[in-house]
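Any value given below was found using the heavy atoms of this structure, including those in side chains, with hydrogens, waters and symmetry copies removed. Please read these numbers as outputs of a predicted model, since none were measured by experiment.
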Protein chains: 2
Amino acid sequence: MNLNQLELLRVLQETDFNLSRAAEKMHVVQSAVSRQLQLLEAELGSSLFERHGKRLLGLTPLGERIIREVDQIHKAKKNIQSMADDFRDNRNGALHVATTHTQAKYLLPMPVKNFREKYPGIKIYMVQSSPDDLIELLHKHEADIAICTEKLAEVDDLILRPCYQWHHVAVVPTGHPLADGKLSLERLAGYPILTYSPGFTGRSAIERAFGEAGVQPDIVLAAADSDVIKTYVRLGLGVGIIAETSYEPGKDADLVALDLSALIAPSTTKIAYLKQLYLPSYCRYFIDELLKQAQANKH
Amino acid sequence: MNLNQLELLRVLQETDFNLSRAAEKMHVVQSAVSRQLQLLEAELGSSLFERHGKRLLGLTPLGERIIREVDQIHKAKKNIQSMADDFRDNRNGALHVATTHTQAKYLLPMPVKNFREKYPGIKIYMVQSSPDDLIELLHKHEADIAICTEKLAEVDDLILRPCYQWHHVAVVPTGHPLADGKLSLERLAGYPILTYSPGFTGRSAIERAFGEAGVQPDIVLAAADSDVIKTYVRLGLGVGIIAETSYEPGKDADLVALDLSALIAPSTTKIAYLKQLYLPSYCRYFIDELLKQAQANKH
DNA sequence: TTGCGTTACGACTCTCGTAAGGATG
DNA sequence: CATCCTTACGAGAGTCGTAACGCAA
């Protein structure tokens, strides 16, 4: 048994149990992985994959169990590498951040700028994705940290750090009737609503608020980002509901933002990363910068 | 980086960072481990060991961290082996049980007998040791399961399964004055006491009972096993306090057992094993037998 | 026929063991 | 001077790549 053979199991799982593609991923010829797999199975004395003829179809029950251990080993190995790189003051690492549009646009810019200055050698990769995907990206080790508001509570192999709390605002063109008088969910629901896609940026809090009030909003546009929403608000499609941070007084002077903190429960944006993985110091620095930025935004 | 190099780190820790002895343990010549260690340190880019000249003195901070990951890897690797062996219905395994005298003599015999019949190919190794050592044996992977009453609560990487609850009895020769009338801790303390060594078989419960009563017993003999205690009780050295299960009505007809359940809190004997290690099916069978035996003893 | 996996064989790399050498207490 | 670690070098084991073959969609 050796690390390459165990790695092969992981790669096979990621390639639909296709030896040829696994070989490609591992930068060896196909016959090599074929032999290594045979050797491993021979050593363990049982087959780890269900087969149809020569083709691999999936894992056997034993294979399932073993691959869980392989994942542990893979994580530990990664940790050893990261720690050594970190200790050596390696300035050639990479930071993979997965987040949603809202955070990428309104929270990350300053932290990223500071990070670039402090760690010019570290490449920053940002993946913008849906909250559903973020957790998966962490688990696949394709992201080091994820920043988002929704969907980050269910899993327990993550460390979750609350970053900042915010509330929603309604945005309407200046002169819109809603801008006067007292706001209520009922009045809001009297207009077509434009807001985030399900699963994005506090959408669940919006739904909960309307649901508990027994009001059925007419959501005519659901977008992944605030800019799209604002664009259509400008076109007069209806009332936008976006995160307060997404309203920019300067650029959005033609829009009015109406505080909804009394009507819709606040949302908390969190930072998440895998509990079992070692976080290099530059990663910790980035998280600290995010928290600092979140503090600054409050004032 | 490969598994042997990582294993070397573990072995070095166990051999006081002595390359020569580590080489012996790994069944290779000393120059081989020297080179492998150099290769690993070169690959990671930092040294993992504090050195004084050529000699290794201990781990660097980085080495400390890395070895924790190495332990994870070692456990996972062991699990893979165990699972494969178990799945293949391997009848050539071994069961390492660590326990104290009392359990070895009064709880284990039947379970061991049943185990031998069901798994004749599995060798049973029993290590008798002090409760202090048992946990260490588990951590060093020199024991699969530990059975004992004391000291099994503090660590959280163990799974603890309560096995049975029992209380102490006082044993005196027939005709001893204590055999008549009402027992109390004060009366007991009027005689020399013979009981277990600190840390053994509920000794802590005995101390707590006397301590809370404000009575200072005169413990003239502290032994690791009940048989020694009974022997000296027979010689008239004083009153023995032993586990109820250690009093055998047949063999011990010349002694009287006096129930102390009202005076000394009951003790619970537990089975412990490492949370992160895979338990082969024969191991689980043995644990089941122990629990069954504990049930049977109640009646 | 194409895609996928296995088997055979020669070349290369890696690791080991032997042996000699240097440092430390 | 005994113990411990390192270095040099040749032998052997292990792994890879090429290539030819078998099998199924």
Look at the rings of B:Phe115 and B:Tyr285 and say which category their plane angle falls in: under 30° parallel, 30 to 60° tilted, over 60° perpendicular.
tilted
Side-chain donor/acceptor of A:Arg35 to base of D:dG14, under 3.5 Å:
no
By the 4.0 Å heavy-atom rule, please label B:Phe17 as base, sugar-phosphate, or nothing.
sugar-phosphate
Given protein heavy atoms under 4.0 Å, the one-letter contact record of nucleotides 20-25 of chain D, with B base, S sugar-phosphate only and - none, is simply --B--S
Which two nucleotides bound the region of DNA chain C that has atoms under 4.0 Å from heavy atoms of chain B, read 5' to 3'?
C:dT15 to C:dG25
Which residues, if any, of residues 3-13 of chain A bring a heavy atom under 4.0 Å of DNA chain D?
none
Does a salt bridge link A:Glu117 with A:Lys113, judged by any charged N lying under 4.0 Å from a carboxylate O?
yes
Residue-level proximity of residues 18-32 of chain B to DNA chain D when a heavy atom falls under 4.0 Å:
B:Asn18, B:Leu19, B:Ser20, B:Gln30, B:Ser31
Test: salt bridge (Lys or Arg N to Asp or Glu O under 4.0 Å). Region: residues 5-17 of chain A. Which pairs qualify, not counting sequence neighbours?
A:Glu7-A:Arg10, A:Arg10-A:Glu14, A:Arg10-A:Asp71, A:Glu14-A:Lys25, A:Asp16-A:Arg21
Looking at A:Gln128, is its backbone amide N or carbonyl O close enough to the side chain of A:Thr99 to form a donor-acceptor pair, meaning the two atoms are under 3.5 Å apart?
no
Counterpart residues, side-chain hydrogen bond (donor to acceptor under 3.5 Å, both in side chains), relative to B:Glu207 (two or more places apart)
B:Arg203
Taking the six-membered ring for Trp, are A:His141 and A:His74 parallel (under 30°), tilted (30 to 60°) or perpendicular (over 60°)?
parallel
Can a donor-acceptor pair be found, under 3.5 Å and without considering hydrogens, that links the side chain of A:Glu69 to the backbone of A:Ile66?
no
Would you indicate whether the side-chain heavy atoms of A:Val127 and A:Asp133 approach each other to under 4.5 Å?
no
With sequence neighbours excluded, tell me which residues meet side-chain contact (heavy atoms from CB on, under 4.5 Å) with A:Lys105.
A:His101, A:Asp227
Can you spot which of A:Thr201, A:Thr269, A:Thr100 makes a side chain to side chain donor-acceptor pair (under 3.5 Å) with A:Thr149?
A:Thr269
Quick one: A:Leu39 CG to D:dA13 P, roughly how many Å, whole number?
16 Å
Results of side-chain hydrogen bond (donor to acceptor under 3.5 Å, both in side chains) for A:Ser82 - residues two or more places apart only:
none
Distance-only, no hydrogens or angles: does the B:Asp157 side chain make a donor-acceptor pair with backbone N or O of B:Lys275 under 3.5 Å?
no
Can you give the donor-acceptor pairs under 3.5 Å from side chains of residues 45-52 of chain B to other protein atoms, not counting sequence neighbours?
{"residue": "B:Arg51", "atom": "NH1", "partner": "B:Glu41", "partner atom": "OE1", "Å": "3.3"}
{"residue": "B:Arg51", "atom": "NH1", "partner": "B:Glu41", "partner atom": "OE2", "Å": "3.3"}
{"residue": "B:Arg51", "atom": "NH1", "partner": "B:Phe49", "partner atom": "O", "Å": "3.4"}
{"residue": "B:Arg51", "atom": "NH2", "partner": "B:Glu41", "partner atom": "OE1", "Å": "2.9"}

Qualifying ring-ring contact (aromatic ring centres under 6.0 Å, His included) pairs with a residue from residues 27-47 of chain B, counting only residues at least two apart or across chains
none
Check side-chain contact (heavy atoms from CB on, under 4.5 Å) between B:Gln38 and all other residues, then give those that pass, not counting sequence neighbours.
B:Ser34
Angle between the two end axes of the helix from C:dT1-D:dA25 to C:dG25-D:dC1, five base pairs per end, rounded to 10 degrees?
30°
